[in-house]
K.L.:
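Below is the structure I would like to discuss, written out as structure tokens.
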Amino acid sequence: MTETTKPEAQQDENQIMAERRAKLAKLREEGTAYPNDFTRDDLAARLIEGYGELPAQEFESKQVPATIAGRLMLKRVMGKASFGVLQDHSGRLQIYVSDDNTGKESHAAFKHYDIGDIVGVSGFLFKTRTGELTLRAHGLRLLAKSLRPLPEKFHGLTDQEQRYRQRHVDLLVNERSRWVFAVRSRVVRAMREYMARADYLEVETPMLQPIPGGATARPFRTHHNALDMELYLRIAPELYLKRLVVGGIERVYEINRNFRNEGISTRHNPEFTMMEVYCAYTNHHYMMSLTEAVIRHAAESALGATKVEYQGRDIDFGKPFARLTMAQAIQSHAPELWSAAQLRDRAFLADKLRGLGIAFGDEQGWGSLQLLLFEALVEKQLIEPTYILDFPAEVSPLARRKDGDPEVTERFELFVDAKEIANGFSELNDPEDQAERFLDQVKKKDAGDQEAMYYDADYVRALEYGMPPTSGAGIGIDRLVMLLTDSPSIRDVILFPQMRPEA
């Protein structure tokens, strides 16, 4: 007679937990609850890799010992013998428990184990009649009792919000989720490897800052009691990293957590991860090439390929990224061929934006309006990796002005599938120009722009010591991982995304 574990989702969860607590109480009475004297020697995936292809007769002629531990994911009880499946961080392996090999007492105890229990098993490998590598248990130990049932095994945790709120359960039952975060880890490791080979120094800069800088964004505020001062969670590490360039660290980068007190969407989380990099004696063309190479290397290292499918569209990181100025991009997607002069004519741009139903302020110049027009007409069309160049100076307060055309800057943004993946430029190293542009930002903040920058006198003072010609870039790691793993939301690639409290 075969007994198969009944899907627990069909039972009342409170009843299940009460039964499991009763089992735990008995273990406590016996002095065997939550032991910590079991040592695991082997991993499921390594055993399968090492012995999975051996024919069954090989195990009959020689004994192959193994000791594994993991979570019990499946259990099938059949009289004097039972099967189970243990899952560790590498994968799953079947176990065989019997009166003859494991002992009647241990086998009887196994019959009362629950799905989700953490179990240690030692014994010898063999192949079943169906050819599945299996561990014949000689020793069996319950290491941790699972009091709360896992989601029903045939459906797993499918509710998206619950997956984000209970990531621990999501990782237990969804193999894809474990794969996504393994890819993320490989991406970050590959970026570090590339930067180390290119002789860049990795550093750490403050997350608590007296003045938030390096981007136009609304910061989170906090208070330091001992110093009795207001501080901000960093919105970017840029100004600190450029201080290091002034100090002689000419090739520097940081993989950093940033915090911005802004909206939440499929592309935005209040805290996110970027890599920011700076290199002295280079310009934005060098930095575009570096950014492209780092992303290509990350894709190759994490996936073994540079071509991916994202939401039904093929994206190729292996071929050279396209490059267009902002004006060229607008012209190529405009309903009519607008001239370069028209794209700097505020009245013309204002008329086009009104026609599109896009709001703007009287204080915004042609640069801000051109950017709004680009976002409305072009951004959503940029599927293949594409650099957009020559951003207006009005919307680029930290970027160097372009020689011969000071109204635009040597700035680029990289777009893939209509997502901004990287932002960089030739850095503004003229302290007087930087001071003026900080003052312009202060005026915008006074006029009500909560994302405008503060005036950072200490940073201007650093520039007054002299910063060499430098280029820099920030690469959004979360969005890059979204593309590489075909994840539609940034929440899919952040282990613990920001959520509203449960009711």
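All of these numbers come straight from a predicted model, not from anything done at the bench.
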K.L.:
Mark yes or no for whether Asp88, through its side chain, and Gly91, through its backbone, hold a donor-acceptor pair below 3.5 Å.
P.N.:
yes
K.L.:
For the residue pair Thr273 and Arg184, confirm or rule out a side-chain donor-acceptor distance under 3.5 Å.
P.N.:
yes
K.L.:
How would you list, by chain and number, every residue that makes a ring-ring contact (aromatic ring centres under 6.0 Å, His included) with Phe181, sequence neighbours excluded?
P.N.:
none
K.L.:
Scan side-chain atoms only and decide if Thr205 and Arg234 contain a donor-acceptor pair under the 3.5 Å cut-off.
P.N.:
yes
K.L.:
Decide whether a cation-pi geometry holds between Arg251 and Tyr200; the criteria are a distance under 6.0 Å from NZ or CZ to the six-membered ring centre and an angle within 45° of the ring axis.
P.N.:
yes
K.L.:
Checking the side chain of Arg411 only, and the main-chain atoms of Pro392 only, is there a donor and an acceptor separated by less than 3.5 Å?
P.N.:
no
K.L.:
Looking at Lys307, I want to see if its NZ is surrounded by more than 12 non-hydrogen atoms of other residues, nucleotides or ligands under 6.0 Å.
P.N.:
no
K.L.:
Keeping Thr409 on the side-chain end and Phe391 on the backbone end, is there a donor-acceptor pair under 3.5 Å?
P.N.:
yes
K.L.:
For Ser426 and His284, indicate whether the former's side chain and the latter's backbone hold a donor-acceptor pair under 3.5 Å.
P.N.:
yes
K.L.:
Knowing that exactly one of Glu427, Glu276, Glu254 qualifies, which makes a salt bridge (charged side-chain N to carboxylate O under 4.0 Å, His left out) with Lys242?
P.N.:
Glu427
K.L.:
Between Arg437 and Asp440, is a salt bridge (charged side-chain N to carboxylate O under 4.0 Å, His left out) present by the stated rule, with each step listed?
P.N.:
CA-CA 5 Å; Arg437 290 206 239 170; Asp440 288 338; over 6 Å; no
K.L.:
Between Pro488 and Tyr310, which heavy-atom pair has the shortest distance, and what is it?
P.N.:
CA-OH, 3.7 Å
K.L.:
In this structure, which one of Arg218, Lys445, Glu262, Lys444 forms a side chain to side chain donor-acceptor pair (under 3.5 Å) with Gln450?
P.N.:
Arg218
K.L.:
Cation-pi between Arg243 and Tyr240: NZ/CZ under 6.0 Å from ring centre and within 45° of the ring axis?
P.N.:
yes
K.L.:
Taking Arg479's backbone N and O only, do any of them form a donor-acceptor pair with Lys419's side chain (distance below 3.5 Å, no angle check)?
P.N.:
no
K.L.:
For Arg178 and Leu172, indicate whether the former's side chain and the latter's backbone hold a donor-acceptor pair under 3.5 Å.
P.N.:
yes
K.L.:
Return all side-chain donor-acceptor pairs below 3.5 angstrom for residues 491-503, not counting sequence neighbours, or 'none' if the list is empty.
P.N.:
{"unit_1": "Asp492", "atom_1": "OD1", "unit_2": "Tyr164", "atom_2": "OH", "d": "2.7"}
{"unit_1": "Asp492", "atom_1": "OD2", "unit_2": "Ser489", "atom_2": "N", "d": "3.2"}

K.L.:
Please check if the number of heavy atoms outside Glu204 that lie under 6.0 Å from its CD is greater than 12.
P.N.:
no
K.L.:
Do Asp417 and Gln311 touch side chain to side chain, with heavy atoms closer than 4.5 Å?
P.N.:
no
K.L.:
When the side chains of residues 349-376 are checked against the rest of the protein, which donor-acceptor pairs come out under 3.5 Å, sequence neighbours left out?
P.N.:
{"unit_1": "Gln364", "atom_1": "OE1", "unit_2": "Gly361", "atom_2": "N", "d": "2.6"}
{"unit_1": "Ser368", "atom_1": "OG", "unit_2": "Glu394", "atom_2": "OE2", "d": "2.7"}
{"unit_1": "Gln370", "atom_1": "NE2", "unit_2": "Leu343", "atom_2": "O", "d": "2.7"}

K.L.:
Do Arg296 and Phe321 touch side chain to side chain, with heavy atoms closer than 4.5 Å?
P.N.:
yes
K.L.:
Got Val378 and Leu324 here, is their nearest side-chain heavy-atom distance under 4.5 Å?
P.N.:
no
K.L.:
Counting only heavy atoms from other residues, nucleotides and ligands, does the tally under 6.0 Å from CZ of Arg46 exceed 12?
P.N.:
no
K.L.:
With heavy-atom distances below 4.5 Å as the criterion, would you say the side chains of Lys145 and Tyr34 are in contact?
P.N.:
yes
